[in-house]
Amino acid sequence: MKKVLDSITEVLSQAFVQCGYEEKYGKVGLSNRPDLCEYQCNGAMAAAKAYKKAPVQIADEVAAVLKNHPLFEEIVSVKPGFINIKICGEFLKNQLQKMAADGKFGCQIEQKPKKIIVDYGGANVAKPLHVGHLRSAVIGESIKRIKRFFGNQVIGDVHLGDWGLQMGLIIEELHDRQPDLVYFDPNYQGEYPKEPPLTISEMEEIYPAASIRSKEDAAFAERAHKATFRLQNGDPAYMALWKHIMSVSKADLKKNYDRLHVNFDLWKGESDAQPYIPDMIEDMIARNVAYESQGAIVVDVALDTDAKEMPPCLIRKSDGASLYATSDLATLVEREKLYQPEEYIYVTDKRQELYFTQVFRTAKKAGIVKESTSMNFIGFGTVNGKDGKPYKTREGGVMRLENLISEIDEAVYLKMEENARKKEVSLEREEAEQIVPAVGLSALKYGDLSNQPSKDYIFDVDKFTSFEGNTGPYILYTIVRIKSILNKYTKQGKNPEEATVFYKPNSESEKALMLTLVRFSDAAEAAYREIAPNKICQYIYDLSNDFNHFYHETKIIDEKEKEKQEGWIALLKLVKQVLECGIDLLGFSAPDKM
Ligand code: ARG
C-alpha cells in the first residue's frame with residue numbers, strides 16, 4: 001500500500017515538473033512545525049540554487065498549481081521558500097481504511113526474506129543471571145521479533161556460556177563438600193547416577209562461594225583449572241557431572257527467560273562448538289590465515305583503514321588452551337554447516353565490540369563465513385543506579401535478575417493499590433496477581449528499550465513503573481482504556497466487529513491521531529532498518545499521547561450519530577491493534593484490566 005508521504009511527494013514532484021523544474025525537488029517530509037502544517041516540502045530552497053531564482057518565487061509557483069488539488073486541505077508557500085501542507089480529511093480516512101485492511105498496517109515487507117541468526121541472551125550456566133544479561137535478552141528478543149515481522153526467517157540462539165572455568169570451580173567445590181560422591185572415586189566403574197547431586201539453590205550458592213574462594217586460595221584455583229581441563233578433555237565422571245549441572249541450570253534459566261517472555265529457538269552453547277575446533281584451526285593454518293606467534297596461534301585482522309589499534313585475534317594459547325574467540329569461531333563453523341544464514345546479529349555488552357570485530361574479520365578471512373553475509377554487532381550500555389554507577393543491590397552486591405523483577409513487581413503492586421484507593425475500589429488479590437507481572441514486564445522492557453541500545457541508562461524503578469509519562473505501563477494503560485471503551489460499546493448492544501468504516505476527522509485532536517497512525521510504517525521500517533527498537537517505543541508513545549488527547553476531548557460512547565460513532569470505534573480498534581503490534585515487537589503484552 002502506498003504511503004502518505006509517497007503519495008504527496010508524487011503530486012509535488014509532478015507540480016515541480018509542470019512549473020519547469022526537476023522532479024527531485026518534490027520530496028516531502030514530516031513538518032518541523034506541527035503548529036503550522038502537517039507536511040512540508042523544502043525543494044524550492046534547493047531548486048533556487050540550481051535555477052538561480054528566489055526560493056519563494058518557486059514555492060509560490062508550485063503552491064499555486066496545487067491550490068485546488070483534492071489531496072490537500074491547504075497548501076501554501078511561506079518565506080523564505082517552504083511549501084507547507086495540510087492534507088484533506090477524506091484522503092486520510094481512506095488511507096486508514098487501507099491500513100486497517102492490510103495485515104502489516106502498511107509496512108513494506110521484505111521482498112527477499114533472509115535467514116538471520118540472532119545470538120543473544122548469552123547466560124552462563126551455573127552462574128546467576130544479572131542485569132547485564134537482562135539487556136541482551138530484552139534487546140535481542142525485540143530485534144528478533146522486528147526482523148520476523150518484516151518477513152524474515154529468524155533463529156534466536158541463547159549461546160550459553162557452558163564450557164568455562166565455572167564448571168571446574170563447581171566440580172572442585174563439590175568435591176570438597178561431598179568427597180564420597182562416585183564422580184570423585186577414581187576406581188568407580190559403574191554407571192553414573194541419573195539424579196543430579198545438587199539442586200539449583202545449592203548450585204546458586206556453590207558457584208559464588210567457589211569463585212570467591214579461588215581468588216583467595218591459589219591451590220584451589222589451580223585445582224579448578226585442572227578440573228576444567230579434565231572436563232574439556234572428556235573425562236567421563238566430569239562429563240556426567242557437567243550434564244547434571246547443565247540440566248539443572250538450563251531448567252532454571254528457561255524459567256527466568258519465560259518470565260521475561262524471551263524465547264529461544266536454539267539452546268546451544270559454547271560446548272556445542274568444541275568438536276569443530278581442531279579441524280578449524282588446522283584448516284586456518286593450512287590456508288595461511290593463522291600462524292604461530294610466540295607459541296600461540298593468531299590471525300592478523302588489522303586493516304590499513306583502522307583508526308584504532310586492532311590486535312591480532314588469538315585462537316590458541318601457547319599452552320594449547322582455546323579461548324572465547326576460538327569457541328565463537330567454531331560456533332560459526334557449526335552455524336554455517338547447519339543453517340547458512342545470510343545475516344548474523346550479536347547482542348552483547350558494548351565492551352565486546354573490538355572483540356567481535358576481530359571475530360567477524362577472522363571468520364571472513366578464514367572463509368568460515370561468506371563475504372556477502374552481513375555480520376552485525378549490537379553493543380549495549382550499562383544499567384546504572386541513580387548514583388550513575390552500575391546497578392547494585394542495597395547491600396552493594398551484583399543485582400540478580402529475579403530480584404530486579406521482584407523489585408519492579410512490588411512497585412507496580414503498590415501503584416495499583418494506590419490507584420484503587422484513589423478510585424475507592426478494592427483491589428482483588430487474585431486479579432492483581434495476574435496483572436502485576438504483565439505491567440512489571442512492560443516497565444522493565446520499555447524502560448530498557450526506549451533508550452538507544454548503545455546508551456547507558458538509569459534503572460529508576462519509580463519512573464519505569466509510573467502510569468504516566470514515557471513508560472511501559474502508560475502504553476498498557478492506553479490499550480486497557482481502549483478495551484474498556486469497546487466493552488462499553490458492546491454493552492450498548494452494539495458489535496465493535498461491525499464498526500469497520502472510518503469517518504473523516506472532525507477535530508484537530510482526531511486528525512492529529514490519524515496522522516500519527518499512518519506514520520506507523522515509517523517508524524517500524526526505521527526500527528527494522530536501523531536495528532533500533534527505541535524507534536518503536538518513541539512511536540507508540542506518540543500514538544498513546546495523541547490517542548489520550550483525542551479521548552479526553554471526545555464523547556465516544558454518548559455519540560448519537562451512528563456513522564460517526566462507528567468511525568470512532570473503527571479508529572479505536574486500529575489504534576489498539578497498532579499499539580498491540582508495537583508492544584509485541586518489544587516483547588510484552590497488555591492485560592485486559594489495570
Ligand atoms: N556468555 C557471555 C557473557 O556472559 C556472552 C555471550 C555472547 N555471545 C557470544 N557469541 N559470544 O559475557
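Atoms within each ligand, like the ligands themselves, are counted from 1 in listed order.
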Salt bridge (Lys or Arg N to Asp or Glu O under 4.0 Å) between R148 and D584, worked out: CA-CA 12 Å; R148 243 179 222 164; D584 184 57; over 6 Å; no
Ring-ring centroid check Y192 Y188, cutoff 6.0 Å: yes
Ring-ring centroid check Y346 F360, cutoff 6.0 Å: yes
Side chain S521, main chain C107, donor-acceptor under 3.5 Å: no
Ring-ring centroid check F464 F459, cutoff 6.0 Å: yes
Under 4.0 Å from ligand 1 - residues by heavy atom, chain and number: D119, G122, N124, H133, H159, Y324, D328, Y346, T348, Q352, F356
Aromatic ring proximity Y355/Y324, centre distance under 6.0 Å: yes
